[in-house]
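Here is the structure we will look at.
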Amino acid sequence: MYAIVDCNSFYCACERVFKPHLAEKPVVVLSNNDGCIISRSDEAKALGVGMAGPYFLAKPLIEKHDVEVFSSNYNLYGNMSWRVMEVLRIIAGKNNVEVYSVDEAFVNLNGFGCNQVREVGERFKNTIEQWTGVNVSIGIAPTKTLAKLANGISKMNKIKTGCIAVLENEEKIMKALKITPVKDLWGVGGQSAKKLLNLNILTAWDLRQMPEEWARKNLGGVVGVRLIKELRGEKAIVMNEFKDKKMIATTRMFGDAVTSLSDIKEAVSTYTSRAAEKLRRQYSAASTINVFVVTNEKGEEGAHFKHGPTYSRHKILSSPTAVTNELIKPAMQLAEQLYQEGKKYKKAGVILSGIVPDNSIQADLFEERKSIGRFLMEQIDNINFSMRDDSVKYVASGLKRDWKMRQELRSPRYTTRWDELREVK
DNA sequence: TCTGGGGTCCTAGGACCC
DNA sequence: TCTGGGGTCCTAGGACCC
């Protein structure tokens, strides 16, 4: 059996842990640049605040009901996430926990008997809530897809289920499949949902009746086959052991549109530094760097919302590297090639790929390698980690940073900065 | 008029996820 | 006026090889 453990309104929950007076109040958290709403407390949902909607559209509703609003505080959420996952690892053993996202993890429960799994789920839930202050919902079933489905059911009526749903036998599975619309299945997005609806396949139960060959032809090939197997209780999606990322990206909207090449270069340089840090954290090096910019031009007529075209260029490096300045140099060239005078830019980003372990770098025969890079990087990473963000940075990244994103409502980083600790009088 | 067969690797783009 | 960021996997099609 698998469990999926999912934190309820995770970002809002993190804010509330340190501001107990918000416990019963509606709370929302905004995306970077204060653009969209990405987390809502139950109270905010009840008021009709939509998910992933633009903040400016929801603002009247938010002000009318005195909803508490926060900019996202990823230092805080990342650290709280680690604490939650650590509880699971302590209880279930670290090899049985697969962190799926910042607020979700799958746990392999094979070590427990069928009649024990609910009890284990309760132990997860109670311990996490007691140790971190974050509430979770749990779904338990024979496959990951069914566990996700169970989790959905546990959330439909939190009081009745106690936020835990277990599908331990065929009868319960059948019942659950019949009340779940296909569009709510894990792995069915907008496109597939539309297709299925046209074929009058409405519930998860309907979909489970379809032959695998049909899925191979009409539902995304092997992806569809896997989904149907999972619904039948056949494990088709297994535990992923920890894997290095195959792609590392740092991309941001600008606070305000940017027009000058120097601002673009500063931003791209900053994102490159950040991406290189992520690269070094997993002891990897990258061999391809891709830089892109998005302009302010009018998007397609009638599009859901307008964003301008993306211009991108990449460069394949002569040998993989994780040294920031070796990445900034090509990044700057790419930025210069992309830049067009007179355009307004609203976003830029850097994507590193062609990722290999940094201990097996195939050296370039024709290039002299500077071994100082690695040592220097370690020192810079250490200083930036222990002091504050970017105590040490490359001049190319700029000092003023006029292009920086908006983040007007961020709470203190209570758990990762000494000078921002919660004070208790 | 008529131009093989079998394979690998890479990239771009689609779909999906949180 | 104002709409996020960071990933994964898969497929199709092109380039290339013998």
Report which part of the nucleic acid [X] touches: base, sugar-phosphate, or nothing (heavy-atom distance under 4.0 Å, all strands).
| X | result |
| --- | --- |
| A:Ile248 | sugar-phosphate |
| A:Leu352 | nothing |
| A:Asn33 | nothing |
| A:Gly190 | sugar-phosphate |
| A:Val222 | sugar-phosphate |
| A:Ser192 | sugar-phosphate |
| A:Asp103 | sugar-phosphate |
| A:Tyr100 | sugar-phosphate |

So, is [X] near the phosphate of [N], with a side-chain N or O under 4.0 Å from OP1 or OP2?
| X | N | answer |
| --- | --- | --- |
| A:Arg252 | C:dG6 | yes |
| A:Lys246 | C:dC9 | yes |
| A:Lys148 | B:dC17 | no |
| A:Lys278 | C:dG6 | yes |
| A:Arg226 | C:dC10 | yes |

Taking the ring of A:Trp82 and the ring of A:Tyr77, is the distance between their centroids below 6.0 Å? no
Exercise for the section: Kindly state whether the ring of A:Trp131 and the ring of A:Phe124 have centres lying under 6.0 angstrom apart. Expected result: no
Counting only heavy atoms not in A:Lys158 (residues, nucleotides, ligands), do more than 12 fall under 6.0 Å from its NZ? yes
By nearest-heavy-atom nucleotide on DNA chain C, the more 5' of A:Gly220 and A:Lys347 is A:Lys347
_On DNA chain C, compare the nucleotides closest to A:Gly221 and A:Phe254; which residue's is nearer the 5' end?_
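The residue whose closest nucleotide sits nearer the 5' end is A:Phe254.
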Over how many whole Å does the gap from [X] atom [atom1] to [N] atom [atom2] extend?
| X | N | atom1 | atom2 | value |
| --- | --- | --- | --- | --- |
| A:Glu408 | C:dC2 | CD | P | 15 Å |
| A:Lys59 | C:dT3 | NZ | P | 13 Å |
| A:Tyr11 | C:dG5 | OH | P | 12 Å |
| A:Gln407 | C:dG5 | CD | P | 11 Å |
| A:Lys194 | B:dA15 | NZ | C1' | 12 Å |
| A:Glu230 | B:dC17 | CD | P | 14 Å |
| A:Lys217 | C:dC10 | NZ | P | 19 Å |
| A:Met253 | C:dT1 | CE | C1' | 12 Å |

When you get a sec, tell me which of [options] is the closest nucleotide to the side chain of [X]?
| X | options | result |
| --- | --- | --- |
| A:Ser101 | C:dG4, B:dC18, C:dT8 | B:dC18 |
| A:Phe56 | B:dC17, C:dT3, C:dT11 | C:dT3 |
| A:Gln191 | B:dC16, C:dG4, C:dG5 | B:dC16 |

Pairing partner of C:dC18, by Watson-Crick or G-U wobble and under 3.5 Å for both distances, is B:dG5
**Item:** Pairwise C1' distance, C:dC16 and B:dG4 [rounded to whole Å]
**Value:** 16 Å
Check ion pair A:Lys25-A:Asp66 (N to O, under 4.0 angstrom): yes
Is it true that A:Arg280 and A:Glu277 make a salt bridge, defined as a side-chain N closer than 4.0 Å to a carboxylate O? no
Grab the two heavy atoms, one from A:Val27 and one from A:Cys12, that are nearest each other, plus how far apart they are.
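Scanning both residues, the minimum pair turns out to be O-SG, 3.4 Å.
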Is the terminal nitrogen or CZ of A:Lys404 (NZ for Lys, CZ for Arg) located under 6.0 angstrom from the six-membered ring centre of A:Phe254 and within 45° of that ring's axis? no
